[in-house]
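Structure first, then comments.
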Amino acid sequence: MTSATESQESNAAVVWLPRAIFQAFLDLLSADGYQIIGPRIEQGAIVYAPLERVEDLPLGWTDEQGPGLYRLKKRADEAAFGYVVGPHSWKRFLFPPQTDLMRSKQTDEGWDMSPVEPADDKYAFLGVRACELAAMEVQDRVFMTPMFTDELYQRRRSQSLIIAVNCTSAAPTCFCTSMNSGPKCHKGFDLALTELTGGFVVEIGSELGRRFTDRLMLVPVTTQREQDAAAAQQQAVDQITRTLDREHVQSTLKNRLNHKRWDEVAEKCLSCANCTMVCPTCFCSSVDDVTNLVDEEVIRQRHWDSCFNFDFSHISGGPVRDQTRSRYRQWLTHKLTHWVDQFGTSGCVGCGRCIAWCPVGIDLTEEARILCEDPAVPEEGQP
Amino acid sequence: MIAVRPKLAVIKFASCDGCQLSLLSLEDELLTIARAVQISHFAEASSRLEPGPYDLTLVEGSITTPEDRHRLKKLREDSKLLITIGACATSGGVQALRNFASHDDFMRAVYARPDFIETLATSTPIAAHVKVDFELRGCPIDKHQLLEVIASLLAGHRPRTSTESVCQACKRRGNVCVVVAQNLPCLGPVTHSGCGAICPTYDRGCYGCFGPTVQPNTVALSDHLLSGRVNESEAAMLMHGINAYAPEFATEGQRLWQLAGLPKTLHSSLQPARHEEPSA
Ligand code: SF4
Ligand code: SF4
Ligand code: SF4
Ligand code: SF4
């Protein structure tokens with residue numbers, strides 16, 4: 001805890017972080033042993049990667065998105081968080097794409113098995129959006145249940161610092177308002193920033209977060225700035241055009257399993273799994289035992305997998321979902337309905353990634369709408 | 001410890017030797033390989049070439065001459081397990097482009113005295129002639145996959161060579177999709193994984209070196225490519241590249257050539273079957 005003198009503004013819930021000392025804030029994070037992960041430009045997109053300096057951020061850049069489309073564009077200003085969401089999600093750090101779980105070595109006394117200790121990474125996630133906070137909560141229900149806890153996930157989740165950012169603009173692919181997940185950050189963060197010209201309005205969400213604002217001696221925000229922040233946040237709300245009739249879809253989609261639309265979407269779908277890979281909530285993985293040539297060492301590896309894989313549903317006799325039609329149906333029904341039965345939340349937070357990063361631009365909101373349209377189209381497809 | 005080391009042979013047909021080189025470039029693992037198997041025949045590595053039978057034969061290259069056809073039959077008899085390595089052996093390779101063209105024209109264009117050359121009009125995969133126990137994809141193959149195949153066959157289980165699309169390796173690697181962000185043509189969604197998505201990592205679209213994945217939706221992909229990315233003949237060339245004679249790419253490439261107004265038919269000896277039945 002910080003001393004009383006340091007924390008002169010310790011009761012203020014909303015403070016002002018001038019852009020001029022933003023670097024000092026990043027330095028504090030580094031000094032406290034956090035590896036900062038935040039937005040950076042790589043390969044023509046804003047991705048999440050390690051960074052240390054303000055200049056590492058995508059200053060003055062934004063993204064233009066649509067179904068199967070993503071482009072970087074220059075902004076008129078030097079905003080650091082003036083983009084929406086990109087191809088990466090925080091899941092690549094909390095639930096890494098590839099992990100070694102266990103190592104076994106053959107010894108004179110037999111096989112010696114030892115779990116691979118998860119690396120002790122302490123992350124500061126910088127620029128987490130509201131839909132992404134929601135996605136983390138969705139994954140918490142998968143990886144941290146009373147029955148089963150993923151050690152790596154839990155460790156990283158519990159020791160990471162979350163610096164959220166309120167969206168001040170939205171992409172045409174966003175539909176968080178339909179999923180009750182944004183665009184404003186309400187909970188699940190240590191600090192939440194709203195970017196204005198010259199600095200950030202900072203909401204303090206935890207004692208851990210306050211330790212930083214106190215050490216930077218941030219002063220309470222002015223009413224004017226608070227109003228400006230609210231207006232900037234409203235701008236994002238106003239820009240959201242995409243919708244999904246969440247409750248209707250949740251209750252209806254299950255009764256549309258033989259709809260002919262599944263055949264139509266299967267004609268277009270490549271079953272490439274991009275949508276599941278970019279989705280911040282999809283959690284499927286496979287585990288393989290990798291032996292070395294002389295059979296003396298085995299590494300148990302886990303890697304992201306997807307229900308779009310032909311082999312994913314392989315059981316004795318062959319795959320259960322042996323057509324794209326049934327694989328697409330698995331994806332959509334799991335995301336929008338069965339997830340609710342399984343985990344008590346929707347599996348979709350409305351981030352729009354699966355729409356933008358589907359190489360052929362298949363849009364789940366449109367598919368769900370057509371499938372759930374009333375009156376129901378006669379069920380003609382095959383089961 | 002393996003008491004008697006299984007005998008390994010690496011045999012080449014029509015190919016560039018790149019896949020065999022992948023074995024040689026396993027520098028760190030070569031000593032372990034030599035502990036695990038006895039390298040009986042590997043012309044790239046040693047001039048001491050032992051005759052068969054072999055326990056494990058890695059076959060590179062496609063069948064393009066009558067003599068090779070004969071040599072392959074004999075090799076099959078000599079091999080307990082026969083594994084093809086690479087696009088040539090598995091789908092006929094880039095040289096299978098001749099299957100869609102006039103072989104005589106090619107001969108006249110390339111050789112001063114075509115009458116000196118004895119060759120087949122087609123380039124066909126190993127499985128079109130003999131029974132193949134496992135096909136390892138790639139142009140060239142991935143050395144780690146090769147290691148995995150050797151290790152698992154020695155251990156007696158199925159190799160872990162996923163049939164997933166290149167996209168998944170691409171995404172796990174953290175690449176930004178070049179189709180979505182850069183409007184480049186990419187065969188990743190219909191291509192068998194194994195390379196680790198090398199090309200998209202370096203801002204290139206996938207060339208399909210590992211051949212079609214399971215149930216590739218080639219039509220949907222090329223329809224998408226045709227909407228403002230490439231024209232019909234460019235799309236056809238993409239499909240008819242390294243794995244032109246892989247059944248799904250062959251068919252789709254022909255459809256695209258048709259759309260481009262340059263129809264291509266398969267050599268008469270290959271029609272209408274997509275693959276000759278393996279006859280072991
Ligand atoms: S299903 Fe699509 S929109 Fe919903 S959370 Fe996943 S990626 Fe985002
Ligand atoms: S949609 Fe598919 S990949 Fe995603 S969590 Fe469900 S089954 Fe897994
Ligand atoms: S919906 Fe799009 S991203 Fe998902 S598997 Fe189909 S083609 Fe790929
Ligand atoms: S770059 Fe190619 S391989 Fe990678 S995700 Fe995009 S389409 Fe798939």
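Lettering of chains follows the sequences in order, A, B, ..., and the numbering in each one begins at 1.
- Proximity to chain A (any heavy atom under 4.5 Å) is restricted, for B:Pro200, to the backbone atoms N, CA, C and O.
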inquiry  = What verdict does the side chain to side chain donor-acceptor pair (under 3.5 Å) test give for A:Arg327 and B:Gln215, after you've listed the backbone C-alpha separation in whole Å, the side-chain angles of each residue and the deciding distance to 0.1 Å?
reply    = CA-CA 12 Å; A:Arg327 295 195 286 272; B:Gln215 300 180 341; 2.7 Å; yes

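- Heavy atoms of B:Thr201 lying under 4.5 Å from chain A belong exclusively to its backbone.
- Every residue two or more places apart in sequence or in another chain that forms a ring-ring contact (aromatic ring centres under 6.0 Å, His included) with A:Tyr70 is listed here: A:Trp357.
- Of the atoms belonging to B:Asn175, heavy atoms from both backbone and side chain fall under 4.5 Å from chain A.
- Nearest heavy-atom pair, B:Ala181 versus A:Gln43, reported as atom, atom and distance to 0.1 Å: CB-O, 4.5 Å.
- Contact annotation for A:Val360: both backbone and side-chain heavy atoms come within less than 4.5 Å of a heavy atom of chain B.
- Around CD of B:Glu44, the count of heavy atoms belonging to other residues, nucleotides or ligands within 6.0 Å exceeds 12.
- Heavy-atom pairs under 4.5 Å with chain A were tallied for B:Val190, B:Val178, B:Leu147; the largest tally goes to B:Leu147.
- Among A:Asp63, A:Thr324, A:Val290, the residue with the largest count of heavy-atom pairs under 4.5 Å with chain B is A:Val290.
- B:Gln182 contributes atom CD, which lies 10.0 Å from atom CG of A:Leu72 (distance to the nearest 0.5 angstrom).
- Listed options A:Gln65, A:His303, A:Glu42, A:Gln98 were ranked by heavy-atom pairs under 4.5 angstrom with chain B; first place goes to A:His303.
- The line from SG of A:Cys269 to CG of B:Asn217 is 7.5 Å long, rounded to the nearest 0.5 Å.
- A pairwise comparison of heavy atoms in B:Pro189 and A:Leu270 identifies CB-CD1, 3.5 Å as the closest pair.
- More than 12 heavy atoms of other residues, nucleotides or ligands shown are found within 6.0 angstrom of CD on B:Gln38.
- A:Glu296 contributes atom CD, which lies 9.0 Å from atom OG1 of B:Thr32 (distance to the nearest 0.5 angstrom).
- By a heavy-atom distance cut of under 4.5 Å, B:Arg160, B:Thr163, B:Glu164, B:Ser165, B:Cys167, B:Gln168, B:Lys171 are the residues of residues 159-171 of chain B near chain A, going up by number.
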Verdict with supporting geometry, A:Lys268 and B:Asp223, side chain to side chain contact (heavy atoms under 4.5 Å, CB included) = CA-CA 9 Å; A:Lys268 202 177 163 197; B:Asp223 283 352; over 6 Å; no

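- Crowding of A:Arg75 atom CZ: a count of heavy atoms from other residues, nucleotides or ligands under 6.0 Å exceeding 12.
- What you find for A:Arg71 and B:Val180 is that their closest heavy atoms are NH1-O, 2.7 Å.
- Looking at A:Ala266, only its backbone comes within 4.5 Å of chain B, counting heavy atoms on both sides.
- Between the side chain of B:Arg172 and the backbone N or O of A:Trp304 there is at least one donor-acceptor pair closer than 3.5 Å.
- Using a 4.5 Å cut-off between heavy atoms, B:Leu225 does not touch chain A at all.
- Interface remark: A:Glu64 contributes no atoms to any contact with chain B (heavy atom separation under 4.5 Å).
- A distance of 11.0 Å separates CG of A:Asn292 from CG of B:Leu154, quoted to the nearest 0.5 Å.
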